[in-house]
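Excluded from the calculations below are hydrogen atoms, water molecules and symmetry mates; all remaining heavy atoms, backbone and side chain alike, are included.
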Amino acid sequence: MLAGLHHVALIASDYERSKRFYTQVLGLRVLAEHYREARQSWKLDLAGAGGLQLELFTFRGAPPRPSRPEALGLRHLAFRVGDLDAALAQLRAHGIAHEDVRVDEYTGRRFCFFADPDGLPLEFYEDAR
C-alpha cells in the first residue's frame, strides 16, 4: 500500500534561525517558501539527497515539546550519512554540540544524536550504501 515516505513536517519557533540550520548546516535546498498571511505563518519546503523532503512551518503560540525524546509521537528524525565523522565535523564547525557516537547493537552501524534550534532530537546514521 505505501510507496515510501513523502515528507516530514516540523514546526519551528524562530523561522530564520531554523531555515539557516536546515539549509546552511544540514545542506538541504529550498524548493519553495511561502508566507501565509491569513495564518501569519511560514511554510518552507526543503529537499535533500535520496528524495528527502522536509516542510518547515511556524505557528504563533505553538506549545513546546514536552520532553526529549520520550514524548509520545515522533521520537527523533534520523538522516542517513555516508561519513559520520565528516557530518559531525560539519556540526562542530557551526558550533552545534552532539552526543557521543554510539554503535547500533543490531546492525553494527555508527550513529549520533544532536538537536535542531528548537531542541528537536535529530540523528546522523552512518550508512554508506
Side-chain angles (χ1 to χ4, degrees):
M1 180 175 84
L2 300 179
L5 182 65
H6 185 267
H7 69 271
V8 173
L10 305 175
I11 300 172
S13 64
D14 181 321
Y15 178 74
E16 291 299 330
R17 180 180 67 173
S18 290
K19 179 182 175 183
R20 278 191 305 276
F21 176 81
Y22 284 99
T23 59
Q24 295 176 16
V25 177
L26 297 188
L28 299 178
R29 70 183 184 285
V30 174
L31 295 175
E33 183 174 29
H34 304 281
Y35 183 73
R36 301 174 310 171
E37 186 66 43
R39 296 181 181 190
Q40 296 180 342
S41 168
W42 282 98
K43 179 181 185 286
L44 178 66
D45 295 317
L46 300 165
L52 170 67
Q53 290 188 37
L54 193 142
E55 293 178 340
L56 184 67
F57 292 92
T58 59
F59 294 109
R60 287 178 39 180
R65 184 177 171 88
S67 67
R68 177 189 161 330
E70 278 70 31
L72 289 176
L74 180 68
R75 183 169 186 203
H76 63 268
L77 181 60
F79 297 102
R80 184 174 60 233
V81 297
D83 181 341
L84 182 61
D85 296 323
L88 295 177
Q90 173 75 0
L91 291 181
R92 289 190 299 273
H94 286 275
I96 297 167
H98 59 79
E99 295 182 2
D100 291 338
V101 172
R102 302 185 214 175
V103 176
D104 185 312
E105 64 183 294
Y106 301 110
T107 67
R109 305 268 188 196
R110 297 183 323 139
F111 65 97
C112 186
F113 288 100
F114 59 103
D116 84 347
D118 285 305
L120 177 68
L122 303 176
E123 175 186 348
F124 282 153
Y125 192 89
E126 190 172 53
D127 184 2
R129 286 193 194 196

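Applying the side-chain contact (heavy atoms from CB on, under 4.5 Å) test to Ala86 and every residue at least two apart in sequence or in another chain returns Asp83.
Taking every heavy atom of both residues into account, Val30 and Glu33 meet most closely at CG1-CB, 4.4 Å. Minimum interatomic distance between Lys43 and Asp45 (heavy atoms only, all atoms of both residues): NZ-OD1, 2.5 Å. Here the closest heavy-atom approach between residue His6 and residue Gln53 is recorded as O-CB, 3.4 Å.
In this structure, NE2 in His76 is found 10.0 Å from CG in Leu120, a value given to the nearest 0.5 Å. In this structure, the separation between NE2 on His98 and CD on Glu123 is 13.5 Å, given to the nearest 0.5 Å. Annotation: the span from Leu28 atom CG to Leu56 atom CG amounts to 10.0 Å, rounded to 0.5 Å. With rounding to the nearest 0.5 Å, the separation of CZ in Arg109 from CZ in Arg80 is 10.0 Å. Note that OH of Tyr22 and CG of Asp116 are 3.5 Å apart. Values are rounded to the nearest 0.5 Å.
Taking the six-membered ring where the residue is Trp, Tyr125 and Phe111 present parallel rings, their angle staying beneath 30° rather than reaching 60°.
Counting only heavy atoms from C-beta outward, the side chains of Phe124 and Leu91 approach each other to under 4.5 Å. Side chains of Asp85 and Arg110 form a contact here, defined as non-hydrogen atoms less than 4.5 Å apart. Looking at heavy atoms from C-beta onward, Arg17 lies in side-chain contact with Asp118 at the 4.5 angstrom threshold. Looking only at side-chain heavy atoms (C-beta outward), Asp14 and Pro117 stay at 4.5 Å or farther from each other. Side-chain contact check for Phe114 versus Val25: every heavy-atom pair is 4.5 Å or farther apart.
In this structure, Tyr35 is a member of the same hydrophobic cluster as Leu54, with clusters built from ILVMFWY side-chain heavy atoms closer than 4.5 Å. Both Phe21 and Leu77 sit in one connected hydrophobic cluster of ILVMFWY residues. Membership requires side-chain heavy atoms under 4.5 Å apart, directly or through other members.
Using a 4.5 Å cut-off between side-chain heavy atoms of Ile, Leu, Val, Met, Phe, Trp and Tyr, Ile11 falls into a hydrophobic cluster with Phe57, Phe59.
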Does Asp100 form a salt bridge (Lys or Arg N to Asp or Glu O under 4.0 Å) with Arg102? I'd like the steps, not just the answer. CA-CA 6 Å; Asp100 291 338; Arg102 302 185 214 175; over 6 Å; no

Please test Asp127 against Val81 for side chain to side chain contact (heavy atoms under 4.5 Å, CB included), starting from the C-alpha separation and ending with a verdict. CA-CA 6 Å; Asp127 184 2; Val81 297; over 6 Å; no

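Although no hydrogens or angles enter the test, the distance criterion places a donor-acceptor pair under 3.5 Å between the side chain of Ser41 and the main chain of Thr58. Checked by atom type and distance alone, the side chain of Glu126 pairs as donor or acceptor with a backbone atom of Leu84 at under 3.5 Å.
Between Leu46 and the choices Val8, Leu10, Thr23, the side chain to side chain contact (heavy atoms under 4.5 Å, CB included) rule is met once, by Thr23.
By the neighbour-count criterion of 12 heavy atoms within 6.0 Å, atom CZ of Arg36 is densely surrounded, having more than that number from other residues, nucleotides or ligands.
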